[in-house]
K.L.:
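This is the structure I want to talk about, given as structure tokens.
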Amino acid sequence: MADHSHSHDTHDSHGHGGHDSHGHADHGGLGKYIQVFLALCVLTGASFFTYSDAWPYHDTPAVGWAFMMAVSCTKALLVMLFFMHLKWEADWKYVLTIPASFMSVFLVLALIPDIGMRVKGNYGYHHSADRMTIVGEPSDTKALVDASLKYAPGDGAGH
Amino acid sequence: MSHEAHAAGHVKLQYQPALPLRNGKLFLWLFLSTEIMFFAGLIGMYIVLRFGATVWPVPHAVHLSEPIGAFNTFVLICSSVTIVLALEAAKSNKSDAARFWLALTLALGSVFLGVKAYEYNAKFAHGIIPTQQGAPYHNIYEKADIYYGSAVKYRAEELNDALSADIKARNVQAEFDEAYAKYSEANKSLSTIDAKIEPDLVLATGAEFKPADQPKADAALAKLKEDLGKIDTAAAQANKYGDMDVEFSRTKYFYLKDNLPTILSEAQSEKSATLYGLAARFMPMAGERDKRHFHGENDRFTWLKMPIVIPGGNMWTSTYFTLTGFHAIHVIVGLICFALMIPKKYTAANCGVIENVGLYWHFVDLVWIFLFPILYLF
């Protein structure tokens with residue numbers, strides 16, 4: 001039986017025979033964890049870069065969102081593969097992770113067009129008239145920002 | 001048939017576990033797969049509400065600091081490394097090292113929670129609390145409309161009534177009036193000084209600065225300092241009472257005496273520009289790419305607690321506290337586990353518990369990896 005499970009599983013009482021002598025003696029280890037840690041720090045910096053003035057796509061936020069999601073998925077994969085040892089686990093990992101991931105991804109994908117995109121069309125919002133009388137709009141933000149600049153033009157050295 | 005029966009009697013059955021992993025680890029992974037769906041539901045809820053909203057506040061409009069969020073991300077990543085190292089140490093039968101790494105993980109998790117508490121406190125201080133319009137402590141209005149105006153009026157009158165009752169009970173009306181007279185006199189002389197000195201300062205610091213103007217500028221600054229000193233003395237005289245509560249009430253008295261008539265008349269205005277001016281006065285807001293953090297009167301006078309306007313702020317508040325709150329609960333559970341685990345002795349034989357709790361902790365880190373960009377940077 002091709003048992004790729006982790007060497008400390010050898011200490012369980014199931015007497016499974018023949019683990020850990022083959023293949024994966026090189027997994028884990030301080031060096032690898034530090035590499036992953038540095039990669040995670042660099043990727044966090046990459047996400048944070050979208051906040052800086054040097055990020056060139058402030059006018060098209062969708063670019064930043066796609067970039068950050070790609071970075072987050074990479075970080076999540078690094079954590080799962082190395083810190084959660086999934087890279088070295090046997091095939092049971094697919095049974096538990098793939099269905100859960102499918103359900104979560106499709107839950108979100110199914111909701112976005114139904115609720116997320118339904119209310120915002122090319123010709124304005126599709127909220128009810130009642131809702132629009134109480135809900136804030138971009139024009140309200142603009143009015144507040146304009147009034148604020150008039151109120152405190154030179155203020156704002158920081159927190 | 002007889003052959004089969006014969007064979008059944010002699011076959012040697014070999015029992016094997018269904019999956020090549022410990023029961024504890026199997027159940028932990030089953031739990032994590034439900035947790036994946038739980039947080040996917042929450043994050044899906046956020047994405048749907050955010051993109052379905054007519055307007056969504058930018059992070060600094062709700063006093064969210066991106067660098068603080070990035071720092072917390074870094075702290076959680078560090079704690080993920082330390083818990084992995086705890087497991088490695090236990091597998092090598094280094095019990096003390098394992099306990100050290102566990103303690104460090106506990107400390108890092110506590111730092112994360114502490115920073116989170118600091119952030120929550122900053123929200124609460126600005127009245128950013130998830131409640132329904134009209135509920136107690138509700139402070140966020142979507143737009144500066146007549147409902148906002150009447151809320152401001154209500155709060156102003158509430159403050160004034162409470163203060164009047166307080167002044168009456170303390171019997172300090174005459175003293176307050178005297179102090180206020182001194183205070184307005186000092187304010188008046190400050191504005192005359194401004195008018196007198198400004199031309200000299202402009203001359204000295206303007207675009208056409210000449211070295212010859214330097215003595216004039218120095219003299220103007222010296223005069224300004226001297227007059228400011230006089231005002232400080234006057235203010236100290238006005239604040240001659242040692243009682244902190246009285247002093248606090250006096251600050252309120254001065255503010256309300258100066259501003260209440262304007263606030264009440266502006267709050268009843270039908271012009272939206274006037275109402276937005278009022279909102280900006282209490283909690284001003286910078287534009288989208290403007291990273292400045294303005295200070296309004298709600299910041300200067302923390303007791304003021306005037307209603308504020310944040311378009312999209314109510315939905316933002318609900319989703320922010322739901323997402324970060326559930327995450328924080330998971331962090332707390334992890335910290336309790338670490339605290340319970342630290343006193344024990346670890347060897348390769350019983351390191352499974354570190355692995356299980358470690359898996360859970362990595363999952364908590366994973367959730368934050370997604371929450372950080374969608375809450376702080378989107």
Side-chain angles (χ1 to χ4, degrees), chain A residues 3 5 8-9 11-12 14 16 28 30 33 37 40-41 44 47-48 50-51 58 64-65 68-69 72 75-76 79-80 83-84 90 92 96-97 100-101 103-104 107-108 111-112 115-120 125 127 134-138 140-141 143-145 147-148 150-152 155-156 158-159, chain B residues 17 19-22 29-30 33 36-37 40-41 43-44 47-48 51-52 54-55 65-66 70 73-74 77 80-81 84-85 88 91 142-144 272-273 276-277 279-281 284-287 289 292-295 309 311-313 348-349 351-352 355 359 362 365-366 369-370 372-373 377-378:
Chain A
D3 186 356
S5 76
H8 59 265
D9 283 343
H11 302 290
D12 66 28
H14 292 311
H16 214 326
L30 186 62
Y33 295 138
F37 169 72
L40 289 172
C41 290
T44 305
S47 281
F48 193 63
T50 61
Y51 167 72
H58 282 298
W65 298 338
M68 280 186 271
M69 277 299 103
S72 288
K75 283 166 79 179
V79 170
M80 292 198 295
F83 288 168
M84 298 172 92
W92 61 263
L96 289 178
T97 52
S101 308
M103 286 163 86
S104 51
L107 172 77
V108 177
L111 285 172
I112 285 174
I115 299 171
M117 290 162 81
R118 187 171 59 101
V119 293
K120 212 185 270 181
Y125 309 107
H127 288 309
I134 53 157
V135 80
E137 291 173 71
D140 294 306
T141 305
L144 182 62
V145 168
S148 302
K150 221 179 282 170
Y151 171 78
D155 193 1
H159 237 289
Chain B
L19 286 170
L21 70 167
R22 290 176 291 102
W29 267 105
L30 279 172
S33 61
I36 291 172
M37 288 183 272
I43 292 173
I47 289 176
V48 159
F51 290 103
T54 48
V55 61
S65 164
E66 290 91 342
T73 310
F74 175 72
I77 291 173
S80 260
V81 177
V84 160
L85 294 178
E88 294 291 319
K91 276 197 280 182
E142 294 284 312
K143 47 170 83 181
S272 90
Y276 275 108
R281 171 181 179 166
M285 188 196 283
R289 292 293 304 138
R292 285 184 294 174
H293 177 86
F294 291 149
H295 283 263
V309 173
C351 69
E355 188 185 19
L359 285 170
H362 294 309
D365 184 23
L366 272 188
I369 282 174
F370 285 99
F372 168 60
L377 300 171
F378 259 43

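In what follows, chains carry the letters A, B, and so on, assigned in the order in which the sequence lines appear, proteins first and then strands, with residues in each chain numbered from 1.
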K.L.:
Is the shortest side-chain heavy-atom distance between B:V55 and A:D140 below 4.5 Å?
P.N.:
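No. Closest side-chain heavy atoms not under 4.5 Å.
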K.L.:
Crowded around B:M37 CE? As in, over 12 foreign heavy atoms under 6.0 Å?
P.N.:
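Buried by this count: over 12 neighbours within 6.0 Å.
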K.L.:
Between B:A40, B:A280, B:G313, B:G312, which residue shows the highest count of heavy-atom pairs closer than 4.5 Å to chain A?
P.N.:
B:A280
K.L.:
Which atoms of A:V79 come close to chain B, meaning under 4.5 Å heavy atom to heavy atom: side chain ones, backbone ones, both, or neither?
P.N.:
side chain
K.L.:
Do A:M80 and B:L366 touch side chain to side chain, with heavy atoms closer than 4.5 Å?
P.N.:
yes
K.L.:
Distance from A:F83 atom CZ to B:H362 atom NE2, nearest 0.5 Å?
P.N.:
7.0 Å
K.L.:
In terms of heavy-atom proximity below 4.5 Å to chain A, should B:A286 be classed as side chain, backbone, both, or neither?
P.N.:
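The backbone, not the side chain.
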K.L.:
Need one label for A:T50: side chain, backbone, both or neither, based on atoms under 4.5 Å from any heavy atom in chain B.
P.N.:
side chain
K.L.:
Do you know the tightest heavy-atom contact between A:G136 and B:P311?
P.N.:
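The pair with the smallest heavy-atom distance is CA-CB, 4.4 Å.
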K.L.:
Test your reading of the model: is there a side-chain donor-acceptor pair from A:S72 to the backbone of B:I369, 3.5 Å cut-off?
P.N.:
yes
K.L.:
Sequence neighbours left out, what passes side chain to side chain contact (heavy atoms under 4.5 Å, CB included) with A:I134? Give chain and number order.
P.N.:
none
K.L.:
By a 4.5 Å heavy-atom criterion (distance strictly below it), what part of A:T97 contacts chain B: side chain, backbone, both, or neither?
P.N.:
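Only the side chain of A:T97 comes within 4.5 Å of chain B.
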K.L.:
Only counting residues at least two apart or in another chain, list the ones meeting side chain to side chain contact (heavy atoms under 4.5 Å, CB included) with B:F74.
P.N.:
A:F37, A:C41, B:C78
K.L.:
Could you look at A:L40 and say if it's the side chain, the backbone, both or neither that has a heavy atom under 4.5 Å from chain B?
P.N.:
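Looking at A:L40, backbone and side chain both touch chain B.
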K.L.:
Mind checking whether A:M84 and B:W29 have side chains closer than 4.5 Å, heavy atoms only?
P.N.:
yes
K.L.:
How long is the gap from CE on B:M285 to OG1 on A:T141, to the nearest 0.5 Å?
P.N.:
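The CE atom of B:M285 sits 6.0 Å away from the OG1 atom of A:T141.
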K.L.:
With a 4.5 Å limit on heavy-atom distance, are the side chains of B:L377 and A:W65 in contact?
P.N.:
no
